[in-house]
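Report on one structure; see the data block that follows.
Numbers restart at 1 for each chain; the letters A, B, ... are given by sequence-line order, proteins then strands. Keep in mind the model is a prediction, meaning the values are calculated, not measured.
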There are 2 protein chains.
Amino acid sequence: MARYSKQREVIENILHSTTAHPSAAEVYAKAKEVIPNISLGTVYRNLDSLSHDGEAQSFTVGDIAHFDGNIAPHPHFFCTKCGRVKDLECDMDKLLSLMTGLDGCEVDSETVLLGGLCSECV
Amino acid sequence: MARYSKQREVIENILHSTTAHPSAAEVYAKAKEVIPNISLGTVYRNLDSLSHDGEAQSFTVGDIAHFDGNIAPHPHFFCTKCGRVKDLECDMDKLLSLMTGLDGCEVDSETVLLGGLCSECV
DNA sequence: ATTATAAATAGTAATCATTCCTATTTAAGT
DNA sequence: ACTTAAATAGGAATGATTACTATTTATAAT
């Protein structure tokens, strides 16, 4: 019981209505606009469970986890100057096929993260 | 003055004599075998400066930074069961050429990290 | 060799993202 | 309405990393 909380719904909406790859703190700030007393722990717990349920993916930039409502595996680019994280596009199967050393392994997560200066910051 | 410390040399040797991608804590443990009173801060500082000087690269698995004495860009695979991190091989230029969305960007770091079960743990 | 000095270290305290804990609240089934 | 399992709020704890400072060390000039 008590499975569909308003908090989870709000967090899910935030993730699905942005392409900005927010951190937990940023999701928390946005969620507070709707639920002023939502707690940070709730944000973390729901971001985790959304990721586990396949409704989001996460990746770490520096020390900070970022969340993406788009679950299709794709590479990301982060700008070391402005901090923005952008989506890249890529045929991930083709990408995997370029690699050797995976014999006998079972791959179930793929993180591709490029860093540098974005077109606005070059 | 005081630029070539024994500590830095030991840490550099540890990185260059393993393919195990140790964390800072693991480097610290190994360095202690040679310099028992070396401090963890010194390990972090030297790992950082080695990375900045292009003598090592680092990447984050979970929450933990791992260090690699091999500075050539290459993908890594970590096993979610045993925790091992393995090197993969890949033509990184070809990998980059698969991507779109980088127009106008200046790429200066490339992290490719696959996760799953390694051949020993499958 | 001795000395002067800037850089590096050891040890410890502080930081900060994330996780854990618990009393309270909430949603769903009866 | 009542029961109960799941979720929350708020705050405390964790743990990797960084910052701080007094002390030590390596280099270069005397």
Round to the nearest Å and state the distance from [X] atom [atom1] to [N] atom [atom2].
X        : N       : atom1 : atom2 : result
Lys6(A)  : dA6(D)  : NZ    : C1'   : 19 Å
Asn37(A) : dG11(D) : CG    : P     : 12 Å
Tyr4(A)  : dA28(C) : OH    : C1'   : 11 Å
Tyr28(A) : dA9(D)  : OH    : P     : 9 Å
Ile38(B) : dT24(D) : CD1   : C1'   : 14 Å
Arg8(A)  : dT26(C) : CZ    : C1'   : 16 Å
Glu9(B)  : dA26(D) : CD    : C1'   : 13 Å

Is Lys81(B) salt-bridged to Glu106(A), cutoff N-O under 4.0 Å?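 Answer for the salt bridge query: no.
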Side-chain donor-acceptor pairs under 3.5 Å in residues 108-119 of chain A, sequence neighbours left out?
unit_1, atom_1, unit_2, atom_2, d
Ser109(A), OG, Gly115(B), N, 3.3

Less than 6.0 angstrom separating the ring centers of His21(B) and Phe67(B), yes or no?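 Centroid distance His21(B)-Phe67(B): not below 6.0 Å, so no.
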Does the Gln7(B) side chain pair with the main chain of Val43(B), one donor and one acceptor, at a distance under 3.5 Å?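 No; zero donor-acceptor contacts below 3.5 Å.
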With the sugar-phosphate defined as primed atoms, P, OP1 and OP2, and the base as all remaining atoms, what B/S/- string results for nucleotides 12-21 of chain C, 5' to 3', for protein heavy atoms under 4.0 Å? -----SBB--
Taking all atoms of both residues into account, what is the closest heavy-atom pair of Cys105(B) and Gly101(B), and its distance?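 Looking at all heavy atoms of both residues, the closest pair is SG-O, 4.3 Å.
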What is the minimum heavy-atom distance between Arg8(A) and Ser49(A), and which atoms define it?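 Scanning both residues, the minimum pair turns out to be NH1-OG, 2.7 Å.
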Looking at dA7(D), I'd like to know if its phosphate oxygens (OP1 or OP2) sit under 4.0 Å from a side-chain N or O belonging to Ser5(A).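 So the side chain of Ser5(A) is outside the cut-off, no N or O lying under 4.0 Å from OP1 or OP2 of dA7(D).
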side-chain N/O Gln7(B) vs dA10(C) OP1/OP2, d < 4.0 Å: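 For dA10(C), OP1 or OP2 has a side-chain N or O of Gln7(B) closer than 4.0 Å.
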